[in-house]
Asker: 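Sending over a structure as structure tokens; questions will come in a sec.
Being a predicted model, the structure only gives us computed values, none of them experimental.
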Amino acid sequence: MTWRWEYDPSQEYVIGGAPPAFVAEVEKKAEELVRAASAKYLDGTTYQDVGPGAAMQPVTGGMFLYLVVPRHECVYIRQVQYL
């Protein structure tokens, strides 16, 4: 399995209607979070501790709430706030 990111529950639900430039900023930052998580949790599928929990990430034009789940090797984008 390889690390990835995805919108949860769906792209339309989380970020539908946001301007394309803002969506690009969110997705760019999501890629950075995936790289950081893959470096920290080298084999996430065998991770046994409690995960890091949800966190907010500022981006140009707003912010988003994400959740890192090491055992899924995934960063879930859960909520987006466009300002």
Asker: A side-chain contact here means heavy atoms from C-beta on lying under 4.5 Å apart; do Val68 and Trp3 qualify?
Answerer: yes
Asker: Say whether Tyr7 and Val69 are linked into one hydrophobic cluster, either directly or through other cluster members, by side-chain heavy-atom distances under 4.5 angstrom.
Answerer: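 Different hydrophobic clusters.
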Asker: Any idea which heavy atoms bring Gly51 and Pro70 closest together, and the distance?
Answerer: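 Taking Gly51 first and Pro70 second, the nearest heavy atoms are CA-CD, 4.3 Å.
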Asker: Please enumerate all residues that pass side chain to side chain donor-acceptor pair (under 3.5 Å) together with Gln81, with sequence neighbours excluded.
Answerer: none
Asker: Quick one: which residue pairs count as a ring-ring contact (aromatic ring centres under 6.0 Å, His included) with a foot in residues 24-45, not counting sequence neighbours?
Answerer: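 Matches after skipping sequence neighbours: Tyr41-Tyr47.
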Asker: Do Val80 and Tyr76 belong to the same hydrophobic cluster, where Ile, Leu, Val, Met, Phe, Trp and Tyr are linked whenever their side-chain heavy atoms lie under 4.5 Å apart, directly or via other members?
Answerer: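 Different clusters: Val80 never reaches Tyr76 through Ile, Leu, Val, Met, Phe, Trp or Tyr contacts under 4.5 Å.
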Asker: If you look only at distance, which donor and acceptor atoms sit under 3.5 Å apart when one is on a side chain in residues 53-66 and the other is two or more places apart or in another chain?
Answerer:
none

Asker: Sequence neighbours excluded, which residues qualify as salt bridge (Lys or Arg N to Asp or Glu O under 4.0 Å) partners of Glu6?
Answerer: Arg4
Asker: How long is the gap from CH2 on Trp5 to CD on Glu32, to the nearest 0.5 Å?
Answerer: 12.5 Å
Asker: Can you give each donor-acceptor pair under 3.5 Å made by side-chain atoms of residues 8-25, sequence neighbours left out, with the distance rounded to 0.1 Å?
Answerer:
from: Asp8; atom 1: OD2; to: Arg78; atom 2: NH1; distance (Å): 2.4
from: Ser10; atom 1: OG; to: Tyr13; atom 2: N; distance (Å): 3.1

Asker: For Glu31, what residues pass the salt bridge (Lys or Arg N to Asp or Glu O under 4.0 Å) criterion, not counting sequence neighbours?
Answerer: none
Asker: Output the distance between atom CD (Glu73) and atom OG1 (Thr46), rounded to the nearest 0.5 Å.
Answerer: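 Spacing of CD (Glu73) from OG1 (Thr46) equals 8.5 Å.
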